[in-house]
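Presented below is the structure to which this report refers.
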Amino acid sequence: SPLAQCLEVDPPRQSSAAQCISLNLLGENFGPEFTHQCFQSEFIRGYQPSQCEQSSHVSHQHHDKATHELQVQVQLSPSCRQCQVSVNIEPKSQVIVERALKRPRIEEHDHKAKSCVEAPSSEAEPVSNIRDGNSGKQDSEENLHPNECTNVNESTPERPMPVDEIISHCANALPAIVTELPQEDYLASPVGTVVKEYQQKGIDFVVSLANGSDAAEYHKEVQKLSI
C-alpha cells in the first residue's frame, strides 16, 4: 500500500526527533516509534541528535541548519504512570565547510602567460562557524546569531527551540512528568483478572484481562505513551 511504502522509505523511528529522544523502563532503553504528533515535520528546531544514525529520512535535511546537539532522556516509573525528563544540549562539535576554489590568477612572465590556480583540497576541512570573515576570528555556535551563515551554501541556522518548549512538546506523549521519580511506583494489585504470571530480571509480572470500567483510571494515566 502507499502508506507501507512511505513508512519503508522514511521509517518514523529514524526521524531526527525520534533519534533525539530515548526512554528507559526498568533498565531497558528504547526509542519512540512516532514523533509527528509531538514535533511538526519530525524534527526539533535548531537541533540534531547527539548520536545520529545514518538515515535518508526527510527530517535529517534540517541538520544543516542545526546549531546544537540534543539528547532527551525519559525515565519511566515501573508502572509507567509517571516519568522524569532530562535534557542535554551541546554545541555542534564540528561544521564541515567546503571551501570554494579561488579564481585562477594570470601572471605575465617573459611575455608568456602562466596560470596560477590554487589546488583543491582533497577533503573538506572541519572548522568552527566564522562570524566575521575579515577578522579571521572564530566563534562557537553558542554565540552565533540566527541570521548569520554557517557554510558556503549560506544556510541560515535556526534559533534552537527553548528547553521548556521541548519538554512541553514531549509531554503530549508522556505520562505525568515529575521532578523526583519514585522507584517503587508499582501497581498495588493487578487490574482485572490475572491470566498469566511470569518473571523478568527478578521482577514479577502478570498479564491480566480487564473490562473498560476496571481499567479506565489506569488507562487514563498511561494512554499518552501510545501516541
Side-chain angles (χ1 to χ4, degrees), residues 1 3-40 42-44 47-55 57 59-60 69-89 163-227:
S1 67
L3 177 59
Q5 292 177 353
C6 179
L7 294 177
E8 183 177 348
V9 173
D10 278 349
R13 68 177 62 183
Q14 292 184 12
S15 72
S16 178
Q19 290 192 30
C20 285
I21 303 169
S22 65
L23 299 95
N24 183 283
L25 175 62
L26 298 174
E28 296 292 333
N29 290 307
F30 58 97
E33 188 70 33
F34 299 100
T35 57
H36 65 281
Q37 295 190 63
C38 298
F39 297 97
Q40 186 175 4
E42 298 178 278
F43 79 100
I44 303 176
Y47 300 98
Q48 69 179 41
S50 297
Q51 297 180 344
C52 185
E53 297 180 10
Q54 294 295 327
S55 172
H57 196 282
S59 61
H60 288 227
E69 296 179 347
L70 173 68
Q71 181 63 46
V72 179
Q73 296 178 319
V74 179
Q75 180 67 48
L76 295 165
S77 69
S79 70
C80 293
R81 294 180 295 186
Q82 301 177 77
C83 70
Q84 188 175 30
V85 180
S86 61
V87 178
N88 183 54
I89 296 173
V163 172
D164 289 346
E165 190 175 344
I166 293 173
I167 295 176
S168 176
H169 282 271
C170 289
N172 292 325
L174 293 175
I177 299 176
V178 297
T179 304
E180 295 186 11
L181 191 68
Q183 297 300 317
E184 300 300 321
D185 179 37
Y186 294 90
L187 292 175
S189 60
V191 178
T193 303
V194 175
V195 295
K196 182 179 180 180
E197 298 183 13
Y198 65 98
Q199 194 175 72
Q200 184 75 19
K201 293 187 176 181
I203 301 174
D204 294 324
F205 292 87
V206 300
V207 177
S208 63
L209 182 64
N211 59 35
S213 58
D214 291 337
E217 183 178 353
Y218 180 68
H219 181 266
K220 183 179 179 180
E221 292 176 314
V222 301
Q223 65 89 21
K224 287 199 294 183
L225 282 169
S226 64
I227 294 179

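All heavy atoms count here, side chains included; hydrogens, waters and symmetry mates do not. Since we're looking at a predicted model, the values are computed, not measured.
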Step by step, work out the side-chain contact (heavy atoms from CB on, under 4.5 Å) result for L225 and C80.
CA-CA 9 Å; L225 282 169; C80 293; 3.9 Å; yes
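- Here the straight-line distance linking atom SG of C20 with atom CD of Q51 works out to 11.0 Å at 0.5 Å rounding.
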Begin from the C-alpha positions of Q73 and V85 and carry the test side-chain contact (heavy atoms from CB on, under 4.5 Å) through to its verdict.
CA-CA 6 Å; Q73 296 178 319; V85 180; over 6 Å; no
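- The 12-atom threshold is exceeded at CD of Q199, counting heavy atoms of other residues, nucleotides or ligands nearer than 6.0 Å.
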Pair Y47, V72 - check side-chain contact (heavy atoms from CB on, under 4.5 Å), show working.
CA-CA 11 Å; Y47 300 98; V72 179; over 6 Å; no
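- At a threshold of 4.5 Å between non-hydrogen side-chain atoms, the residues I167 and I177 count as touching.
- Once rounded to the nearest 0.5 Å, the distance linking CG of L26 with CD1 of I203 reads 4.5 Å.
- No side-chain donor-acceptor contact under 3.5 Å links S59 to the backbone of S15.
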Could you give me the CA-CA distance, side-chain angles and deciding distance for Q71 and S22, then say whether side-chain hydrogen bond (donor to acceptor under 3.5 Å, both in side chains) is met?
CA-CA 8 Å; Q71 181 63 46; S22 65; 3.2 Å; yes
Working note: F43 + T35, criterion side-chain contact (heavy atoms from CB on, under 4.5 Å); need CA distance, chi angles, decisive distance, verdict.
CA-CA 8 Å; F43 79 100; T35 57; over 6 Å; no
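- The backbone N or O of P49 lies less than 3.5 Å from no partner atom in the side chain of Q19, so there is not a single donor-acceptor pair.
- Inter-residue side-chain proximity for V87 and L70 is flagged as met; some heavy-atom pair is nearer than 4.5 Å.
- Taken from SG in C83 to CG in L174, the straight-line distance is 4.5 Å, to the nearest 0.5 Å.
- Separating the CG atom in D214 from the OG atom in S208 is a distance of 9.5 Å, to the nearest 0.5 Å.
- Of all heavy-atom pairs spanning E33 and P12, the tightest one is O-CB, 3.0 Å.
- Shown here is Q223, whose CD atom has more than 12 heavy atoms of other residues, nucleotides or ligands within 6.0 Å.
- Of the possible polar contacts, none joining the K196 side chain to the V206 backbone as a donor-acceptor pair under 3.5 Å is found.
- Side chain of H169 to backbone of C38: a donor-acceptor contact under 3.5 angstrom is found.
- Within a 6.0 Å radius of CD in Q40, other residues, nucleotides and ligands contribute 12 heavy atoms or fewer.
- Note that CG of N172 is 6.5 Å distant from NZ of K224, once rounded to the nearest 0.5 Å.
- Looking only at side-chain heavy atoms (C-beta outward), N24 and V74 stay at 4.5 Å or farther from each other.
- Under a 3.5 Å cut-off, the side chain of H60 and the backbone N or O of Q14 do form a donor-acceptor pair.
- To the nearest 0.5 angstrom, F30 atom CZ is 5.5 Å from L25 atom CG.
- Taking every heavy atom of both residues into account, S77 and D185 meet most closely at OG-OD2, 2.8 Å.
- Within 6.0 Å of the CD atom in E197, the count of heavy atoms belonging to other residues, nucleotides or ligands does not exceed 12.
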